[in-house]
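Below is one structure, written out as structure tokens, with a few remarks after it.
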Number of protein chains: 2
Amino acid sequence: MALDHAILVSLLEKPGSGYELARRFERSIGYFWTATHQQIYRVLKRMESDGWVDVRDVPQQGRPDKKEYSVAGPGRDALSAWLHEPIEPESVRHDLAVKIRGAAFDDPAALIGEVRRHRRAHTDRLEHYLAGEARDFPEAGGDGPLDAERELQHAVLRGGIAYERMMIAWLDDVLATLARFEADR
Amino acid sequence: MALDHAILVSLLEKPGSGYELARRFERSIGYFWTATHQQIYRVLKRMESDGWVDVRDVPQQGRPDKKEYSVAGPGRDALSAWLHEPIEPESVRHDLAVKIRGAAFDDPAALIGEVRRHRRAHTDRLEHYLAGEARDFPEAGGDGPLDAERELQHAVLRGGIAYERMMIAWLDDVLATLARFEADR
DNA sequence: CCTTGCTATGCAACTCGTTGCATAGCAAGA
DNA sequence: TCTTGCTATGCAACGAGTTGCATAGCAAGG
């Protein structure tokens, strides 16, 4: 149940409403954890009734009021406990890999368009990450004072960058493989 | 609902029982798609009643009888239809990334052990993949006759290998980052 | 005024995935 | 003989995640 913890981390980084959290899950946090607004509202409600988060009604002008959530003591404790217990290395799920192996029983070359589409999605994400890195972490290598929040966010972002680069290279490999079947038909 | 399709692909590669499928999902298929035996039995039952797969009772000596499933026409059609429709690039879920960002609000250096554990899991998997590659795809580069099933399985395996190598390098990066906080406390 | 569109929150129903438990055949060793 | 352990299948309950829908405030433009 790491959605709870992902929300707690996000609220520790910056308190916000369910709506704002949902937007973050489309961006920064969402790079390694996805969630819809439904899930988020439900979890926030549960965490509120468990005393993990505090709520504050924030009137706004020009837009509807919002409920701003922030992490309370018990929520912090729950997060800390989770951080100190081991978790299983994640299990991966790649629809595309299923498709690639399945293509052997259909028309391999027909997959080329789909793989190209995915490649484009990954190059887009990579560019997005790199732009974010240039914007938020400009002092590359300049070892200033240790800011845990910044340094660790940067480390996670570097992971995202490495992942996208790996995927692009692999999809090129797959495309080269598929091309051999195209020449064949 | 790609579990259906993952099972169909696996049965096309080789017919088998629910139990055998569950074992494959711990190994080859499981590298990019996980499933427990419960899920598998449930899906097989549904696909059987939908006519996607055929069943055959296979008596065995020395062990309990089994039901061997194989893909029927409608199942093949369903797979083919899925192969030809676009899918969304997968959404990733990395508990460990949540932990790393969360560690900023706890004790970063306390994560070192956990990250090392994950690194070990990934080096183990990498070695396992490489052994499988050496065993099943020895003729590296030797462009023999085009066998779609083999070539595409190999391409997917290369993806797994690239993924593990990327993860190991990134976890080393994370460990170096965390080490700076250890020196600090 | 009316539509479109963004912010903001939520319910209900459903499907997918996990966990615990149960049963049963058979082999091998203590 | 009794236990352990692997093969083989399955039910029941629960929790996580998805999808469709609903409501409402407010702004901007046609």
Side-chain angles (χ1 to χ4, degrees), chain A residues 1-8 11 15-27 29-30 32-50 53 55-69 82 87-95 98, chain B residues 1-8 11 15-27 29-30 32-50 53 55-69 82 87-95 98:
Chain A
M1 198 177 13
L3 176 55
D4 296 35
H5 306 113
I7 288 176
L8 287 171
L11 288 178
S17 68
Y19 188 82
E20 283 161 355
L21 282 171
R23 316 231 66 195
R24 290 185 213 170
F25 273 86
E26 287 168 6
R27 307 189 304 109
I29 307 279
F32 52 88
W33 201 272
T34 55
T36 63
H37 76 276
Q38 297 301 343
Q39 274 182 87
I40 292 167
Y41 283 124
R42 208 189 300 155
V43 169
L44 282 174
K45 187 150 286 186
R46 194 187 66 230
M47 292 202 297
E48 186 194 342
S49 76
D50 289 351
V53 293
V55 203
R56 201 168 60 92
D57 267 48
V58 178
Q60 302 185 107
Q61 65 272 68
R63 46 175 75 177
D65 299 351
K66 67 175 181 179
K67 296 184 186 176
E68 193 181 79
Y69 291 87
W82 178 69
I87 49 170
E88 283 308 299
E90 6 56 65
S91 45
V92 192
R93 299 216 156 172
H94 284 288
D95 299 70
V98 178
Chain B
M1 199 178 7
L3 176 55
D4 296 36
H5 307 113
I7 288 177
L8 288 172
L11 288 179
S17 67
Y19 188 82
E20 283 161 355
L21 282 171
R23 317 231 64 195
R24 289 185 214 170
F25 273 86
E26 288 169 5
R27 308 190 304 111
I29 307 280
F32 51 89
W33 200 273
T34 56
T36 62
H37 76 276
Q38 296 303 342
Q39 274 182 88
I40 292 166
Y41 283 123
R42 210 191 298 157
V43 170
L44 282 174
K45 186 148 287 186
R46 195 186 66 232
M47 292 201 297
E48 185 194 342
S49 76
D50 290 351
V53 293
V55 203
R56 200 168 61 92
D57 267 48
V58 178
Q60 301 185 109
Q61 65 273 70
R63 43 176 77 176
D65 298 351
K66 67 175 181 179
K67 297 184 186 176
E68 194 182 77
Y69 292 88
W82 177 69
I87 49 170
E88 284 308 300
E90 5 57 65
S91 45
V92 191
R93 301 212 153 173
H94 283 287
D95 300 69
V98 178

Check whether any side-chain N or O of [X] sits under 4.0 Å from OP1 or OP2 of [N], and answer yes or no.
{"X": "B/R93", "N": "D/dG17", "value": "yes"}
{"X": "B/R63", "N": "D/dA8", "value": "yes"}
{"X": "A/K45", "N": "C/dT9", "value": "no"}
{"X": "A/K66", "N": "C/dT7", "value": "no"}
{"X": "B/Y19", "N": "D/dT9", "value": "no"}
{"X": "B/Y41", "N": "D/dT9", "value": "yes"}

Selected nucleotide, minimal atom distance to B/S17 side chain, candidates D/dT7, C/dC11, D/dT9:
D/dT9

Name the closest nucleotide to the B/Q38 side chain, picking from C/dT7, C/dT18, D/dT7.
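Between C/dT7, C/dT18, D/dT7, the one nearest the side chain of B/Q38 would be C/dT18.
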
Contact class for A/Q61 (heavy atom, under 4.0 Å): base, sugar-phosphate, or nothing?
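Result for A/Q61 = nothing.
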
In Watson-Crick or G-U wobble terms, both distances under 3.5 Å, what is the partner of C/dT9?
D/dA22

Starting at the 5' end of DNA chain C and moving along, which residue's nearest nucleotide shows up first, A/P64 or B/R42?
A/P64

Send over the distance from [X] [atom1] to [N] [atom2], rounded to a whole Å.
{"X": "A/I40", "N": "D/dG17", "atom1": "CD1", "atom2": "C1'", "value": "12 Å"}
{"X": "B/R24", "N": "D/dT7", "atom1": "CZ", "atom2": "C1'", "value": "15 Å"}
{"X": "B/D57", "N": "C/dA24", "atom1": "CG", "atom2": "P", "value": "18 Å"}
{"X": "A/R46", "N": "C/dG10", "atom1": "CZ", "atom2": "P", "value": "15 Å"}
{"X": "A/L44", "N": "C/dC11", "atom1": "CG", "atom2": "P", "value": "13 Å"}
{"X": "A/I87", "N": "C/dT18", "atom1": "CD1", "atom2": "C1'", "value": "17 Å"}
{"X": "A/Q39", "N": "C/dC16", "atom1": "CD", "atom2": "P", "value": "15 Å"}
{"X": "A/F25", "N": "D/dT18", "atom1": "CZ", "atom2": "C1'", "value": "16 Å"}

Pick the closest DNA chain D nucleotide for A/T36 and for A/Q60 by heavy atoms, then say which residue is nearer the 5' end.
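The residue closer to the strand's 5' end, by nearest nucleotide, is A/T36.
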
Does the side chain of [X] reach to within under 4.5 Å of the side chain of [Y], using non-hydrogen atoms?
{"X": "A/I7", "Y": "A/I29", "value": "no"}
{"X": "B/L44", "Y": "B/K67", "value": "no"}
{"X": "A/W82", "Y": "A/L8", "value": "no"}

Is the side chain of A/D65 donor-acceptor paired with the backbone N or O of A/Q60 at a distance under 3.5 Å, no angle test?
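Flag set: sc A/D65 to bb A/Q60 pair under 3.5 Å.
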
Derivation of the side chain to side chain contact (heavy atoms under 4.5 Å, CB included) call for A/D4 and A/R46
CA-CA 10 Å; A/D4 296 35; A/R46 194 187 66 230; 2.3 Å; yes

